[in-house]
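First up is the structure itself, then whatever we jot down about it.
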Amino acid sequence: MTNKPEEIQQSIYLLKGEGKGSHNYLIRAAYRNVLIDSGLDQNFLYLQEQIISLGLKVKDIDVVINTHEHVDHIGSNRYFQESALIAAHRFAATKITLEDHYVTLYRSGDRNEVPLRIHLWLENRSLFDLGSHTLEVIHTPGHTSGSICIYEFKTKVVFSGDTVFAGGTLSYIAESGSVGDYINSITRLEARKISKIFPGHGEICQNPEQDLSQAIINAKKLLQGEGGISASL
């Protein structure tokens, strides 16, 4: 096993992705085990090893929440969808279930692959009551139209997918995205009390206030044609 799960908050584990695959976050809550993003299809064996190392099996995952519709975050959904509920914002769910490969960036074309399903079509402010943890869905369009962040009330952490990265680095504005929507989404996150941000790639954001502010600065530079600091994710 290349990476070992890291308990980054009580009962919250970082399962690092391999290569260009997204990180996965596992919440072992009182009522349910929740996985945030499933990562690339080809990384599933690494993900499975990490889940097993925590004394769980794939079928012990009750809910998978996708932060958005890109293949590096949803590719392994197919290995969970028979035993777990798969959830995504309704804008992402539409593209995933209708196999909009232009937007999801899926490139396989293998007609024998199992279609991906979304069981729970989420809206802004949807809640997951897990007993020991409560998750709130925050619709944060920008990187894509279906991007969400997930706020955990007890620890005040945010799982940001590709919306916010350490240092305020921007993900590229994808096919269904918008720089204007992105700035509005980050501005709304700034109004929250956030202790840490757990992104889909890279390092944990230890200074959310500073990173959110820098993300807005970088996004405004994009609008002004100055480039800004971005990552190809």
Side-chain angles (χ1 to χ4, degrees), residues 1-6 8 12-27 33-89 92-120 143-144 146-148 150 159-163 165-166 169 171-172 174-177 198-204 230-233:
M1 182 167 56
T2 303
N3 294 311
K4 294 183 178 180
E6 177 185 353
I8 51 178
I12 299 177
Y13 297 85
L14 166 60
L15 285 58
K16 288 187 176 181
E18 293 284 330
K20 293 185 178 181
S22 72
H23 296 329
N24 316 107
Y25 295 92
L26 176 62
I27 303 173
N33 294 314
V34 175
L35 185 69
I36 297 177
D37 286 329
S38 65
L40 283 171
D41 189 337
Q42 56 263 42
N43 284 349
F44 173 69
L45 291 180
Y46 298 115
L47 175 60
Q48 184 180 41
E49 287 181 8
Q50 294 185 80
I51 291 172
I52 290 173
S53 74
L54 293 172
L56 299 173
K57 299 177 181 177
V58 168
K59 66 180 181 180
D60 292 324
I61 303 301
D62 300 296
V63 182
V64 177
I65 305 175
N66 293 141
T67 58
H68 61 290
E69 57 266 37
H70 281 160
V71 67
D72 57 325
H73 294 255
I74 68 171
S76 289
N77 281 10
R78 67 185 76 253
Y79 304 107
F80 295 92
Q81 62 188 16
E82 295 302 323
S83 56
L85 294 175
I86 311 295
H89 187 270
T94 299
K95 300 172 184 68
I96 294 168
T97 57
L98 293 179
E99 300 182 344
D100 186 343
H101 293 170
Y102 174 72
V103 174
T104 63
L105 307 179
Y106 197 80
R107 296 288 185 262
S108 171
D110 185 346
R111 295 179 182 272
N112 295 316
E113 289 182 343
V114 177
L116 298 182
R117 298 197 296 273
I118 303 296
H119 306 107
L120 300 174
H143 173 56
T144 69
S147 290
I148 60 173
I150 301 163
F159 303 90
S160 66
D162 285 0
T163 297
F165 296 125
T169 299
S171 183
Y172 82 106
E175 289 72 14
S176 67
F198 300 146
H201 304 267
E203 301 300 319
I204 291 172
S230 62
S232 57
L233 299 169

Side chain to side chain donor-acceptor pair (under 3.5 Å) involving Ser147 - partner list, sequence neighbours excluded: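 Ser147: side chain to side chain donor-acceptor pair (under 3.5 Å) contacts with Thr144.
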
Test log, rule side-chain contact (heavy atoms from CB on, under 4.5 Å), inputs His201 and Ser171: CA-CA 10 Å; His201 304 267; Ser171 183; over 6 Å; no

Please list, chain by chain and in numerical order, all residues satisfying salt bridge (Lys or Arg N to Asp or Glu O under 4.0 Å) with Glu82, sequence neighbours excluded.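 Once residues adjacent in sequence are excluded, the partners of Glu82 under the salt bridge (Lys or Arg N to Asp or Glu O under 4.0 Å) criterion are Arg117.
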
Which residues share a side chain to side chain contact (heavy atoms under 4.5 Å, CB included) with [X], sequence neighbours left out:
X      : value
Leu105 : His70, Val71, Arg107, Tyr172, Glu175
Thr97  : Ile118, Trp121
Ile8   : Glu6, Ile12, Leu14, Tyr25, Phe198, Ile204

How long is the span from the [atom1] atom in [X] to the [atom2] atom in [Y], to the nearest 0.5 Å?
X      : Y      : atom1 : atom2 : answer
Lys95  : His101 : NZ    : NE2   : 13.5 Å
Ile96  : Ile86  : CD1   : CD1   : 9.5 Å
Ile148 : Asn66  : CD1   : CG    : 8.0 Å
Ile150 : Ile27  : CD1   : CD1   : 7.0 Å
Lys4   : Leu54  : NZ    : CG    : 11.5 Å

Student check: side-chain heavy atoms of [X] and [Y] closer than 4.5 Å:
X      : Y      : answer
Leu26  : Leu56  : yes
Gln81  : His119 : yes
Asn43  : Leu47  : no
Glu99  : Pro115 : yes
Phe159 : Ile65  : no

What is the minimum heavy-atom distance between His89 and Gly146, and which atoms define it?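 Heavy atoms only, the tightest pair is CB-O, 3.6 Å.
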
Might you point out which heavy atoms bring Gln50 and Lys16 nearest each other, and give the distance in Å?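 Shortest heavy-atom separation between Gln50 and Lys16 comes out as NE2-O, 3.3 Å.
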
side-chain contact (heavy atoms from CB on, under 4.5 Å) partner of Phe80, chosen from Val63, Asp62, Val64: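 The side-chain contact (heavy atoms from CB on, under 4.5 Å) with Phe80 is passed solely by Val64 among Val63, Asp62, Val64.
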
Give every donor-acceptor pair under 3.5 Å between a side-chain atom in residues 33-41 and any protein atom, sequence neighbours left out.
unit_1 : atom_1 : unit_2 : atom_2 : d
Asn33  : ND2    : Asp60  : O      : 3.0
Asp37  : OD1    : Thr67  : N      : 2.8
Asp37  : OD1    : Thr67  : OG1    : 3.3
Asp37  : OD2    : Thr67  : OG1    : 2.8
Asp37  : OD2    : His73  : ND1    : 2.8
Ser38  : OG     : His73  : O      : 3.4
Ser38  : OG     : Ile74  : O      : 3.4
Ser38  : OG     : Ser76  : N      : 3.2
Ser38  : OG     : Asn77  : N      : 3.0
Ser38  : OG     : Asn77  : OD1    : 2.7
Asp41  : OD1    : Tyr79  : OH     : 2.5
Asp41  : OD2    : Arg78  : NE     : 3.1

Side chain of Thr104, backbone of Glu69: donor and acceptor closer than 3.5 Å?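 Not a single qualifying donor-acceptor pair exists.
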
